[in-house]
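Here the structure is a predicted model, which means the values were calculated and not measured. The figures that follow rest on heavy atoms only: side chains count, while hydrogens, waters and symmetry mates do not. Sequence lines set the chain letters: A, B, ... in the order given, protein chains first and strands last, and positions in each chain run from 1.
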Number of protein chains: 2
Amino acid sequence: MKLELAASQLESLGNPTRLRLYRALVRAGTGGLPVGGLQQKLGIPASTLSHHCRKLIDAGLVTQERNGTTLICRADYGAMASLIGYLADECCADGACAENPENTEA
Amino acid sequence: MKLELAASQLESLGNPTRLRLYRALVRAGTGGLPVGGLQQKLGIPASTLSHHCRKLIDAGLVTQERNGTTLICRADYGAMASLIGYLADECCADGACAENPENTEA
DNA sequence: GCAATATTTCGATGTTTCTCGAAATAGCAG
DNA sequence: CTGCTATTTCGAGAAACATCGAAATATTGC
């Protein structure tokens with residue numbers, strides 16, 4: 001994963017409203033949630049919600065699929081897994097870097 | 001972990017300059033890096049660097065310790081591990097949520 | 001105390017973000 | 001095509017952010 005992509009995904013999750021939104025989608029499972037359902041759960045104006053949805057979609061963390069007149073939003077589990085992998089790997093959450101000689105350049 | 005804390009940590013990592021900074025610290029291992037060393041590695045003005053350091057420190061992802069006239073910065077591996085845990089757990093990167101009935105509220 | 005180095009704080013500027021209501025679009029039912 | 005619901009786009013205002021140079025602070029050594 002490229003650093004720029006990871007940063008944009010982290011940034012998109014780094015807003016309390018969007019993190020709540022994303023979490024609601026994840027908890028909704030593979031079935032996802034319509035935008036209206038999200039609006040009810042989060043209790044925010046539709047335009048604000050749409051704005052945040054777009055950010056998550058642009059970052060590649062959420063997908064949308066039209067179902068009639070409603071739009072179903074789903075969390076992209078693969079994208080999250082990649083992001084977590086990047087953090088754990090590039091950023092060595094396990095602390096293994098200290099013993100890894102090749103991990104010393106910028 | 002509280003959602004607000006996770007969001008603030010994600011936001012602090014969600015900037016390319018800060019992500020590079022954090023990555024440099026992680027790769028430096030437990031010994032950390034002085035601010036001056038970071039400045040050389042990243043090639044940015046000292047005031048800008050100091051600003052970004054502060055953000056990471058405020059978010060709890062980086063610690064500082066004075067060593068004579070230089071300040072050593074270190075990545076807080078525990079904080080990153082907690083954050084990754086939050087993402088993997090609350091946000092179900094493994095996709096297990098779909099089969100988890102209790103994971104259905106907001 | 002004075003000079004020298006390392007780092008932060010201050011102040012300013014331009015860019016981006018967040019929020020919301022109003023208006024516009026998309027799809028469906030009749 | 002009309003009306004209806006779901007959702008997005010537009011426009012605007014306030015707040016936050018990123019960046020940088022200049023000035024201030026901290027620590028050491030003489």
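- Taking five base pairs at each end of the helix from dG1(C)-dC30(D) to dG30(C)-dC1(D) and finding the rotation axis that steps the C1' atoms of four pairs onto the next four gives two axes whose angle is 20°, to the nearest 10°.
- Rounded to whole Å, the distance from CD on Q39(B) to C1' on dT19(D) is 14 Å.
- Spacing between atom CZ of R18(B) and atom C1' of dC17(D) amounts to 8 Å, rounded to whole angstrom units.
- The two residues P16(B) and E4(A) make their nearest non-hydrogen contact at CG-OE1, 3.6 Å.
- When all heavy atoms of D76(A) and Y22(A) are compared, the closest pair comes out as O-OH, 4.0 Å.
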key: Test side-chain contact (heavy atoms from CB on, under 4.5 Å) applied to L13(B) and R18(B), step by step   = CA-CA 6 Å; L13(B) 290 173; R18(B) 278 197 296 271; over 6 Å; no
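- With sequence neighbours excluded, the residues that form a side chain to side chain contact (heavy atoms under 4.5 Å, CB included) with L49(B) are L21(B), V35(B), L38(B), Q39(B), L42(B), I44(B), C53(B).
- Under the 3.5 Å distance criterion, the side-chain polar atoms of S82(B) are matched with a main-chain donor or acceptor of G78(B).
- Along DNA chain C, read 5' to 3', the first and last nucleotides having any atom under 4.0 Å from a heavy atom of chain A are dT17(C) to dC28(C).
- Contact check for N15(A) versus L10(B): no side-chain heavy atoms found under the 4.5 Å cut-off.
- For the pair R23(B) and Y86(A), the minimum side-chain heavy-atom distance is below 4.5 Å.
- Distance, K55(B) NZ to dA16(D) P: 10 Å, rounded to whole Å.
- Side-chain atoms of D58(B) and S12(B), non-hydrogen and from C-beta on, never get closer than 4.5 Å to each other.
- Put simply, CD on E11(B) is 9 Å from C1' on dC17(D), counting in whole angstrom units.
- Contacts between residues 47-54 of chain B and DNA chain D, counted as heavy-atom distances below 4.0 Å, involve S47(B), T48(B), H51(B), H52(B).
- Residues G32(B) and A28(B) share a closest heavy-atom pair of O-CB, 3.8 Å.
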Show every donor-acceptor pair shorter than 3.5 Å between a side-chain atom in residues 62-71 of chain A and any protein atom, with sequence neighbours excluded, or say none if there are none.
residue, atom, partner, partner atom, Å
E65(A), OE1, R74(A), NH1, 2.7
E65(A), OE1, R74(A), NH2, 3.4
R66(A), NH1, G68(A), O, 3.3
T70(A), OG1, N67(A), O, 3.2

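- Note on I72(B): it does not cluster hydrophobically with L61(B), by side-chain heavy-atom contacts below 4.5 Å among ILVMFWY residues.
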ask   = Run the side-chain contact (heavy atoms from CB on, under 4.5 Å) check on L33(A) and K41(A) step by step: do they pass?
value = CA-CA 10 Å; L33(A) 274 179; K41(A) 267 198 202 303; 3.8 Å; yes
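- Using a distance-only test at 3.5 Å, with no hydrogens or angles considered, a donor-acceptor pair links the side chain of Y77(A) to the main chain of V26(A).
- Within residues 60-71 of chain A, the residues approached by DNA chain D to less than 4.0 Å at the level of any non-hydrogen atom are Q64(A), T69(A), T70(A), L71(A), in residue-number order.
- Along DNA chain C, the nucleotide nearest to I72(B) and the one nearest to N15(A) differ in position, and the one closer to the 5' end is contacted by I72(B).
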